[in-house]
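All remarks here apply to the structure that follows.
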Amino acid sequence: MAYEVLARKWRPQQFKNVIGQGHVIQTLTRAIQTNRVAHAYLFVGPRGTGKTTTARLLAKALNCQMRGENPDPCDTCDSCREIARGHSLDVIEIDGASTNNVDHVRELRDNVRYAPARGPFKVYIIDEVHMLSPGAFNALLKTLEEPPAHVKFLLATTDVHKVPATILSRCQRFDLRRIGLKDIVGRLEMIATAEKWTVSPAALLAIARGAEGGLRDAESALDQIVSFRGETVEEADVLGVFGLVSWTTIDRLATAVLKGDAAEALTIVTELDEGGRDLQRLVQELLGHFRNVLVWTHAPDLAETFDLTGAQVEGLKAQAALADGEKLLRVVEILSEAATQARFALSRRTVVEVALLKAARAATVVSLDELIARIETSSADGGASVPSAASPPSPARMAEPPPPSPPAAPPSPEAEVATLKQRWSAILERVAVTAQMAAPYLKEATPLRVEGDHVVLGFDPEFEEHLARVQTARALQAIEQAICHELHRQVGIRFVVEDGPPVPVADNSPAPAAPLKKKKAPKKKLADDAAVKKTIEAFDAEVIEIRD
């Protein structure tokens, strides 16, 4: 006989074997017992949670020939065996992804009028119904709302938001939940025992964590790991095959973040990346771990809802004592952002490392509540910590304060001029921040001397026309502030043309330059030059000045 995978071999054949969907099973079994089965049901939920399995069980129960008052099918009559093998003429399974156009639905609508071949009902199971085209949905509407008495429609979908509201209003909807970690571990343990395999509890827990609430995924993973490792499976085998991270590593990493140990956190990430672990999955699991720590901090009674063992819950309690709720909330926000970025990042390791560094810093930075508490404590103690009465005063407190040191002598004018010349490029950068237009013209100036509370800046006669550019109110204020910053005292400024009289400058206001003797530069008449004439004509230019 051909090998049958675990997900098919151990598919539930009775309502009581369905895991984690008690609210759905109770409603359906009560409806069967009271003969209140609706004509259309819609099963909604993530993959591997039992949508199609529940639909098949309901079809078997409706057509079972020996069921009696019991809602569970007998699994022994011809109808039950045919439905279980997929050979029944009365239970038609349709794949919505491939049978999705109008012609297929029209054919279905024409066939519903015929009576069932064996059982009392003809049952149509449409899987992934959201894949039907808009035309197919419209063609199905009337038949779905008022089918013949012998017809039942069982629809299943993972994307219910793609199903039109007109279809939803004609069905009874059941939302199947993700299956809990403990339920998946229990089911896998039962399968391993029945198959006579030796699988450690830690390995079962790792498989269940990787399934993310899907029992079918967990059974497929167990099937794969047994094929790889044999009938004895340990946690390390599961982690190596599927790239998962052990709970111990998650706990170590969370502790390092809460203690602000960035080096330890980065070391763990390096080990995981070199070991081929999925870093995107690491961020998601770390985010879920900190979510549990945060919930424990604010509502310890909800610890019973965690899919964790007793030892793991105790570890959460220890970590909750390392940081308050505000810090944990900042860590969760940082990891949430990193989980989104890691999905599209080219270098997931970089995203994870940066997020862990931010989280480690956020977990150790003093929060506002702590700061207020320290201020209140300091105020209550008179602004200083009060020493204990039993402890003797420290020698530092008993020692006399050292005599004040004499004030340092002010620097000489020559030293200040030397400082300004050395720092002139930095002064120009500071001036450019607030007086960007004046800074280039100031490059031609040079600190000459310091006269009391004024600094004398000199221009070469060749650049004396720059004086008008640097004597605006904004430029003068910027220059004074930059020089005062370097000399650490308040000073004014004066401008002079070298070998000429000083240019008077009013405080922070523009002042016209005093008439100066302009040093005539030798000029050469080039107006008649052919190249100059050609350039003037080409650019419609004008000769302003000619320099040697």
Side-chain angles (χ1 to χ4, degrees), residues 181 202-203 205-206 208-210 212 234-236 238-240 242-300 302-303 306-343 345 347-371:
L181 204 65
L205 185 61
R209 282 174 44 224
E212 296 182 345
E234 299 295 335
E235 182 186 24
V238 178
L239 301 180
F242 299 108
L244 302 176
V245 181
S246 67
W247 176 266
T248 305
T249 304
I250 294 292
D251 188 70
R252 277 180 55 208
L253 187 56
T255 302
V257 169
L258 292 176
K259 290 182 177 180
D261 192 348
E264 174 69 9
L266 295 179
T267 301
I268 295 174
V269 172
T270 301
E271 294 173 356
L272 295 176
D273 187 47
E274 293 176 352
R277 300 297 187 261
D278 186 355
L279 296 185
Q280 180 181 355
R281 181 61 181 271
L282 169 66
V283 177
Q284 294 174 348
E285 294 194 359
L286 192 62
L287 178 60
H289 181 85
F290 275 106
R291 174 262 176 192
N292 291 339
V293 178
L294 184 62
V295 171
W296 165 262
T297 302
H298 293 282
L302 295 179
F306 299 161
D307 285 330
L308 302 174
T309 62
Q312 293 170 349
V313 173
E314 292 299 324
L316 287 184
K317 295 179 183 179
Q319 291 178 352
L322 298 176
D324 58 16
E326 184 178 348
K327 295 179 181 178
L328 289 172
L329 189 59
R330 289 203 298 267
V331 171
V332 170
E333 291 173 351
I334 292 170
L335 293 177
S336 298
E337 182 180 355
T340 303
Q341 294 175 350
R343 295 173 57 189
S347 176
R348 291 179 178 175
R349 177 172 174 176
T350 302
V351 173
V352 174
E353 289 176 337
V354 171
L356 291 178
L357 290 176
K358 290 181 179 179
R361 178 175 177 80
T364 54
V365 171
V366 178
S367 65
L368 183 60
D369 293 340
E370 291 177 342
L371 187 59

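Note that OG1 of T350 is 10.0 Å distant from CG of L279, once rounded to the nearest 0.5 Å. Note that CG of L294 is 11.5 Å distant from CG of L316, once rounded to the nearest 0.5 Å. Between the CG atom in L322 and the OG1 atom in T364 there is a gap of 11.5 Å [rounded to 0.5 Å].
Taking each heavy atom of A206 and E235 in turn, the nearest pair found is CB-CG, 4.4 Å. Nearest heavy atoms, A320 versus W296: CB-CD1, 3.3 Å. Taking both residues in full, the closest heavy atoms of R348 and A345 are given as CG-O, 4.1 Å, listed atom of the first, atom of the second, then distance. Considering all non-hydrogen atoms of both residues, V331 and V257 come closest at CG1-CG1, 4.5 Å.
Looking only at side-chain heavy atoms (C-beta outward), L357 and R361 stay at 4.5 Å or farther from each other. Counting heavy atoms from C-beta on, the side chains of D324 and T297 never come closer than 4.5 Å. The closest side-chain heavy-atom distance from L356 to L286 is below 4.5 Å. V354 has its side chain within reach of K358: a pair of non-hydrogen atoms, C-beta onward, lies under 4.5 Å apart.
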Please list, one pair per line, the donor and acceptor atoms closer than 3.5 Å that link side chains of residues 334-342 to other protein atoms, with sequence neighbours excluded.
unit_1, atom_1, unit_2, atom_2, d
S336, OG, V332, O, 2.8
E337, OE2, Q341, NE2, 3.3
T340, OG1, S336, O, 3.3

Run the numbers on L253 and V245 for side chain to side chain contact (heavy atoms under 4.5 Å, CB included), then give the verdict. CA-CA 11 Å; L253 187 56; V245 181; over 6 Å; no
Residues L287, R291; criterion side chain to side chain contact (heavy atoms under 4.5 Å, CB included); working and verdict: CA-CA 6 Å; L287 178 60; R291 174 262 176 192; 5.7 Å; no
Apply side chain to side chain contact (heavy atoms under 4.5 Å, CB included) to residues L328 and L258 and explain how you reach the verdict. CA-CA 8 Å; L328 289 172; L258 292 176; 3.7 Å; yes
Working note: W247 + E285, criterion side chain to side chain contact (heavy atoms under 4.5 Å, CB included); need CA distance, chi angles, decisive distance, verdict. CA-CA 9 Å; W247 176 266; E285 294 194 359; over 6 Å; no
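Remark: side-chain polar atoms of R277 are paired, donor with acceptor, to backbone N or O of L244 under 3.5 angstrom. Side-chain N or O atoms of R209 include none that pairs as donor or acceptor with a backbone N or O of L181 at under 3.5 Å.
Contacts classified as side chain to side chain donor-acceptor pair (under 3.5 Å) and involving residues 248-261 (residues at least two apart or in different chains) are given here: S246-T249, D251-Q319, R252-E264, T255-Q319.
Around atom CZ of R349, more than 12 heavy atoms belonging to other residues, nucleotides or ligands sit under 6.0 Å away.
Under a 4.0 Å N-O distance rule, the pair R330/E333 does not qualify as a salt bridge.
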